[in-house]
Student: 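The structure that follows is given in the form of structure tokens.
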Amino acid sequence: MALVYIVEDDRNIREIETFALKNTGYETRDFECAKDFYHEMEKQKPDIVLLDIMLPDEDGLEIVRKLRAVAQTRGIPVIMVTAKASEIDKVKGLDIGADDYMTKPFGVMELISRVKALLRRSGAGEGKSLCIGGVCLDEEKHLVTVEGMPCGLTYKEYELLKLLMNRAGIVTSRDMILDRVWGTDFEGESRTLDMHIKTLRRKLNGGGSMIKTVRNVGYMFAV
């Protein structure tokens with residue numbers, strides 16, 4: 001599941017983009033300013049960024065320049081979404097490193113199509129590796145290691161860990177976990193989840209302490 005960051009100060013547009021992408025199966029996080037975007041980037045890098053140009057605290061073009069200037073973020077695909085529709089604005093955005101350019105207003109289907117196309121071209125979200133606090137999950141090899149040592153997990157334990165790590169720093173509700181890992185037709189007891197969490201913590205050894213219980217809500221992989 002690809003992770004999409006949406007940087008847009010217009011709440012209505014942000015909500016439309018978020019709704020459309022989530023309904024297509026993408027994980028999303030949205031931000032109304034550059035400051036919040038940078039803060040989240042320090043925790044987890046996305047597979048693609050939808051970026052408005054006119055933001056309250058920093059120009060979107062400057063954000064692209066910064067992303068392209070650092071090795072860790074240089075390869076992240078960026079689609080600029082803006083009301084500036086002139087040819088010179090588009091050229092400027094593409095010249096500084098944006099991968100695609102959409103002008104407002106735009107159709108939801110066009111947005112989804114462009115996101116899918118750019119992810120295919122970049123290979124983003126495929127074979128991704130996640131490493132947090134000594135726990136590493138390699139999606140391509142379907143392998144989990146803790147401090148460099150292989151950790152044998154069942155299929156459900158692996159999927160549970162992947163979901164929590166993909167949402168690191170964010171509380172994931174019990175209902176969402178049961179839906180994503182066990183499926184919408186799951187009719188078992190939610191106690192099954194608690195048992196898997198307990199076993200997963202034990203198998204991860206010291207790394208298991210990063211799986212936090214959020215009382216009456218769900219679980220979170222701490223960062």
Side-chain angles (χ1 to χ4, degrees), residues 1-6 18 21-22 25-31 36-49 67 70-77 119 122-184 186 188-223:
M1 179 194 308
L3 174 61
V4 184
Y5 279 7
I6 300 168
T18 298
L21 289 164
K22 282 188 174 179
Y26 296 114
E27 187 78 24
T28 66
R29 296 179 195 173
D30 59 272
F31 317 93
D36 293 342
F37 168 68
Y38 288 136
H39 180 71
E40 194 67 20
M41 285 286 286
E42 293 177 359
K43 299 179 182 178
Q44 185 176 0
K45 302 297 186 293
D47 295 302
I48 188 170
V49 176
L67 292 177
V70 180
Q72 293 91 328
T73 59
R74 188 172 297 144
I76 298 175
L119 285 171
S122 67
E126 299 176 2
K128 183 170 62 177
S129 293
L130 300 169
C131 287
I132 304 174
V135 178
C136 292
L137 186 148
D138 189 320
E139 293 190 39
E140 187 173 277
K141 297 179 180 178
H142 206 273
L143 175 68
V144 173
T145 58
V146 180
E147 302 296 342
M149 299 299 293
C151 178
L153 301 180
T154 66
Y155 175 77
K156 292 297 186 186
E157 290 165 354
Y158 175 88
E159 290 298 315
L160 175 56
L161 178 62
K162 183 171 72 171
L163 175 61
L164 294 176
M165 290 184 70
N166 270 313
R167 293 174 56 82
I170 300 174
V171 180
T172 305
S173 70
R174 298 175 67 88
D175 287 343
M176 177 181 284
I177 295 173
L178 290 170
D179 178 54
R180 297 281 183 85
V181 178
W182 276 268
T184 54
F186 177 70
E189 298 180 2
S190 61
R191 182 64 181 166
T192 298
L193 170 57
D194 300 321
M195 292 169 59
H196 276 75
I197 289 288
K198 181 178 180 180
T199 304
L200 183 57
R201 282 173 171 156
R202 177 176 55 79
K203 289 185 176 181
L204 293 176
N205 295 317
S209 63
M210 289 188 287
I211 301 177
K212 305 295 185 182
T213 300
V214 182
R215 191 175 179 83
N216 297 323
V217 182
Y219 295 95
M220 176 179 70
F221 200 93
V223 294

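We count residues from 1, following the sequence as given.
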Student: If you apply the rule side chain to side chain contact (heavy atoms under 4.5 Å, CB included), what do you find for Leu204 with Leu161, and how did you get there?
Tutor: CA-CA 10 Å; Leu204 293 176; Leu161 178 62; 4.0 Å; yes
Student: How close do Ile132 and Ala168 get, heavy atom to heavy atom, and via which atoms?
Tutor: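 Scanning both residues completely, I find the closest heavy atoms to be CD1-CB, 3.5 Å.
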Student: Looking at His39, I want to see if its NE2 is surrounded by more than 12 non-hydrogen atoms of other residues, nucleotides or ligands under 6.0 Å.
Tutor: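 No, the 6.0 Å shell around NE2 holds no more than 12 heavy atoms from other groups.
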Student: Which pairs with one or both residues in residues 141-159 pass salt bridge (charged side-chain N to carboxylate O under 4.0 Å, His left out), sequence neighbours excluded?
Tutor: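 Qualifying pairs: Glu157-Lys203, Glu159-Lys162.
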Student: Excluding sequence neighbours, so at least two apart, what forms side chain to side chain donor-acceptor pair (under 3.5 Å) with Thr172?
Tutor: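 Listed in chain order: Arg167.
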Student: So which heavy atom on Ile48 is nearest to which on Leu119, and how close?
Tutor: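 Scanning both residues completely, I find the closest heavy atoms to be CB-CD2, 4.0 Å.
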Student: Drop me the distance from Ile177's CD1 to Thr192's OG1, to the nearest 0.5 angstrom.
Tutor: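 The OG1 atom of Thr192 is 12.5 Å from CD1 of Ile177, to the nearest 0.5 Å.
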Student: Would you please name every residue forming a side chain to side chain donor-acceptor pair (under 3.5 Å) with Tyr158, sequence neighbours left out?
Tutor: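 If we apply the side chain to side chain donor-acceptor pair (under 3.5 Å) test to Tyr158, skipping adjacent residues, there are no hits.
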Student: Listed by chain and number, what are the side chain to side chain donor-acceptor pair (under 3.5 Å) partners of Ser173, not counting sequence neighbours?
Tutor: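 Expected list: none.
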Student: Between CG of Leu164 and CZ of Arg180, what distance do you get to the nearest 0.5 Å?
Tutor: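 The CZ atom of Arg180 is 11.5 Å from CG of Leu164, to the nearest 0.5 Å.
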Student: For residues Ile6 and Leu21, determine if any side-chain heavy atom of one lies less than 4.5 Å from a side-chain heavy atom of the other.
Tutor: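 Yes; the side chains approach each other to less than 4.5 Å.
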Student: Is there side-chain contact between Asp47 and Tyr26, with at least one heavy-atom pair below 4.5 Å?
Tutor: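 No, side chains not in contact.
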Student: Which atom names give the shortest non-hydrogen contact between Leu3 and Thr28, and what distance separates them?
Tutor: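 Nearest pair, atom of Leu3 first, then Thr28: CD1-N, 4.4 Å.
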Student: Which residues pass the disulfide bond (SG atoms under 2.5 Å apart) test with Cys151, sequence neighbours left out?
Tutor: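 Not a single residue meets the disulfide bond (SG atoms under 2.5 Å apart) criterion with Cys151.
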Student: At what distance, to the nearest 0.5 angstrom, does CG of Asp36 lie from CZ of Arg29?
Tutor: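 So the gap between those two atoms works out to 13.0 Å.
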Student: Roughly how far apart are Leu200 CG and Lys198 NZ, rounded to 0.5 Å?
Tutor: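 Rounded to the nearest 0.5 Å, the CG-NZ separation comes to 13.5 Å.
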Student: May I ask you to test the Leu160-Leu153 pair for a side-chain heavy-atom distance under 4.5 Å?
Tutor: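 The answer is no; the side chains never approach within 4.5 Å.
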Student: Show the nearest heavy-atom pair for residues Lys45 and Met41, with the distance to one decimal.
Tutor: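 Heavy-atom minimum between the residues: NZ-O, 3.0 Å.
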Student: Find the distance between CG (Leu137) and CG (Asn166) and round it off to the nearest 0.5 Å.
Tutor: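 Rounded to the nearest 0.5 Å, the CG-CG separation comes to 8.0 Å.
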Student: Can I get a per-line list of side-chain donor-acceptor pairs under 3.5 Å for residues 211-223, giving both atom names and the distance, sequence neighbours left out?
Tutor:
unit_1	atom_1	unit_2	atom_2	d
Lys212	NZ	Ser209	O	3.0
Thr213	OG1	Arg201	NH2	2.8
Tyr219	OH	Asp194	OD1	2.6

Student: Answer yes or no: is there a side-chain heavy-atom contact under 4.5 Å between Val49 and Phe37?
Tutor: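 Yes, at least one pair of side-chain atoms sits under 4.5 Å.
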